Amino acid sequence: MNVPVLELDNLAKTYAGRRGGVRAVRGVSLSVGAGEVYGFLGPNGAGKSTTIRMLLTLIRPTSGAARLFGRDVARDPGGLGRVGSLVDGGTFYPFLSGRANLKVLARTQGLKDFARIGPLLEQVGLGRDGDRRVKGYSTGMRQRLGVAAALLNQPELVILDEPVNGLDAAGIGEMRALIRRLSAEEGRTVFLSSHLLNEVQQVCDRVAIIDAGAVVREATVADLLAQDDAVRIEAAPLERAAALLSPHRAVETVDGGLRVAARRAEIPDIVRLLVGDGVEVFSVAPETRSLESVFLSLTRDSHA
Amino acid sequence: MLDAIAAETRKLAGHRKAVWTILAALPVMLAGAFCVYLVWEFVRTDAEIPKPQTAAAWAQETLGVWRLAQGPFGWFLAAGLAAVAVGGEYGWNTLKLVVPHRARTQLLLAKYPVVMAGFAVSFAVFGVVAVLTQVVDSAVNGPPVPDGVDVGALIASQGRMWVFALLTTVLVTAYGALASVVTRSTAAGAIVTIVLMTAQALFGFRLLLLNPQIYRFSPPYLLDNLGAWLRSGETLSVPVPGGAAIADPWALSLAALAAWIAGLVALAVVVFRRQDFN
């Protein structure tokens, strides 16, 4: 039986305070298998970072369990030795160079061989700045150093909390390529939190959408985006096509085409009907949604 | 644990501005003050010719400066370094970097030996500077170093002062680490420690009047008793209201001080292990 690399079981965190405190995370459960790139998607303040910090033992859960490689991290944090993480955009000793920071981290991890540090700095584009003090690094450079730190112990699971924050367009592209490479070429599992829908859509296999501390939907990206209830049709004359279809189903004109309420399986019947009546059909395709629209509808529903 | 200590050493050694300044402060200040004194002695016209000293008096004179390391200035330095080592992690937000990779207990405990090792070296250099300045003073301003100065005895007496300075520093470091963990701040950690040490020095003796049994196990008496024994070879005999006296052997005071320090360290570990790092 394959043990999930990462498993959250009804994980919750309530911060003490007046009126019962603040429930930052409310019973989050999810499971990530080996080799997956898993997106943890949610707006700012949804509970993503708190969840990740509980996973990394930075925060103690109020209830529930976080398991890494089948072991509860609160009771047996040994699994964290197989994990690399980037939180808060990379936090480092400002008075040390990037290279010295990685050496400190390596010793903390029990690594005595620093040979990986040079190539890692090159890999994240800090080959020339590795000996500069981190105090002088830009946000993007710290983020890159954070990625190098996350990969230092050659982890099986890489946890990245908002990895593209502070990066420019080129940096975002590089980060995306790096995440894909980690999974596709190196076989690592990646758990990626972000509020940037486009990033998640482009690199993740599965996503969980979290809002107000709770997971509101978990699915593959393909399943989330698929919308098997409408097709887009480009045809001429458009008015005639609309007239033929409108008695049977909802039809609206959108951007020079028709949006017709229909399932994918009904497309051949629609095409036959149109062509049989002399309408020229240029394209028929199931309508897809953007992750943004899915995300907005789910998070709007959870607030309703 | 050795890896955690190695990481801590590498980290603190790289903090030139704070760590090196604190550790160099005592020897550099002593050497600097001596240079000013030499210039002053050179330019003043009313200098008296010093009287010849016995070897014992000359050796004893090399010990006087140790009050600097064992007193409030030394506390200030120890509180500062403990606060930088422990409270700094909160300020730099670096606990998020290291906590997932090593047991919290080890991360915190690794800081104590590194801080103490730094002070051990600093105090050793301070002792060497203390003797050298005395030698140079004797050579420049006279009278010359008296015959019969026993180098072995000189090193032993300096060593005893070194030990007492370290004992004081261990206690201050334990306070400093605990205060930094509780306040999660470098500045607050240092300030709370200095306030605690000052209050202890100012009001510790009042415990004697309130309850002699508590006083004999309080840090002010323990340090005074150990200091007296290390300086003169004899422990204190403190009169108690009612006619008796507190006169504990040094071993008991040392054990009680060790228990205090262990308690402070344990408390810091317990608090640190329970903290959330948001």
Side-chain angles (χ1 to χ4, degrees), chain A residues 13 15-16 24 49-50 52-62 68 73 76-97 99-112 114 133-135 142 145-146 149-150 152-153 155 157 159 161, chain B residues 1-23 80-81 83-111 113-114 118 181 184 186 269-278:
Chain A
K13 178 67 182 179
Y15 289 105
S49 293
T50 304
I52 283 180
R53 282 162 200 184
M54 286 192 277
L55 197 50
L56 295 173
T57 67
L58 294 168
I59 294 178
R60 295 190 319 158
T62 307
L68 290 170
V73 288
D76 175 11
L80 284 166
R82 298 155 71 183
V83 175
S85 59
L86 165 69
V87 290
D88 261 6
T91 56
F92 295 100
Y93 301 98
F95 48 87
L96 296 178
S97 67
R99 191 182 305 276
N101 265 287
L102 293 185
K103 285 180 179 175
V104 166
L105 182 61
R107 286 313 296 252
T108 304
Q109 292 172 334
L111 307 173
K112 291 173 180 67
F114 299 150
R133 285 188 191 181
V134 167
K135 189 163 55 178
R142 281 172 197 248
L145 186 61
L152 188 59
N153 57 341
L157 167 65
I159 296 174
D161 187 11
Chain B
M1 186 64 187
L2 287 178
D3 283 325
I5 292 173
E8 196 60 37
T9 306
R10 192 174 278 277
K11 187 190 306 175
L12 288 182
H15 198 333
R16 294 195 192 102
K17 196 184 276 181
V19 175
W20 288 108
T21 304
I22 289 171
L23 293 179
L81 189 52
V84 168
V86 179
E89 300 274 7
Y90 295 91
W92 306 315
N93 207 11
T94 38
L95 289 168
K96 287 172 192 163
L97 181 68
V98 293
V99 161
H101 299 289
R102 172 98 19 202
R104 291 188 185 200
T105 304
Q106 285 190 20
L107 286 174
L108 186 61
L109 289 183
K111 294 179 181 296
V114 177
V181 167
R184 297 176 174 232
T186 307
V269 168
V270 168
V271 175
F272 186 64
R273 283 171 58 99
R274 297 178 60 85
Q275 283 179 330
D276 283 344
F277 304 120
N278 287 302

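Order of the sequence lines sets the chain letters (A, B, ...), proteins ahead of strands, with each chain counted from 1. The model shown is predicted, which means the values in this text are computed figures rather than measured ones.
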Winner by heavy-atom pair count (cut-off under 4.5 Å) against chain A, out of B:Arg102, B:Glu8, B:His15: B:His15
Gap separating the CZ atom of A:Phe95 from the CZ atom of B:Arg16, nearest 0.5 angstrom: 11.0 Å
Per-residue contact mode, B:Glu89 against chain A (heavy atom under 4.5 angstrom): side chain
A:Lys112, part contacting chain B, at a heavy-atom distance under 4.5 Å: side chain
Ring geometry between A:Tyr93 and B:Trp92 (parallel below 30°, tilted from 30 to 60°, perpendicular above 60°): perpendicular
Separation between NE2 of B:His101 and OG of A:Ser85, rounded to the nearest 0.5 Å: 4.5 Å
Within-4.5 Å side-chain heavy-atom neighbours: A:Arg107 and B:Thr9: no
Minimum side-chain heavy-atom gap A:Val83-B:Pro100 below 4.5 Å: no
Reported CG-to-CZ distance for the pair B:Leu97 and A:Phe92, which is rounded to 0.5 angstrom: 5.5 Å
Portion of A:Arg60 that has a non-hydrogen atom of chain B nearer than 4.5 angstrom: both
Gap separating the CG atom of B:Asn278 from the CG atom of A:Asp88, nearest 0.5 angstrom: 9.5 Å
Toward chain A, the part of B:Arg104 with a non-hydrogen atom under 4.5 Å: side chain
Test item: B:Val99 and A:Leu56 side chains (from C-beta on) under 4.5 Å apart, heavy atoms: no
Candidate pair A:Thr108 and B:Leu107, rule side chain to side chain contact (heavy atoms under 4.5 Å, CB included), full reasoning: CA-CA 8 Å; A:Thr108 304; B:Leu107 286 174; 4.0 Å; yes
NZ-CD1 distance between B:Lys96 and A:Ile52, expressed to the nearest 0.5 angstrom: 12.0 Å
Lys/Arg-Asp/Glu bridge criterion (N-O < 4.0 Å) met for B:Asp276, A:Arg53: no
Which portion of A:Leu96 sits near chain B, non-hydrogen atoms under 4.5 angstrom: side chain
Point-to-point distance, once rounded to the nearest 0.5 Å, from CG of A:Leu58 to CG of B:Leu95: 8.5 Å
Which atoms of A:Val87 approach chain B - backbone, side chain, both or neither, heavy atom under 4.5 Å: side chain
Derivation and outcome, side chain to side chain contact (heavy atoms under 4.5 Å, CB included), residues A:Lys103 and B:Arg10: CA-CA 8 Å; A:Lys103 285 180 179 175; B:Arg10 192 174 278 277; 3.5 Å; yes
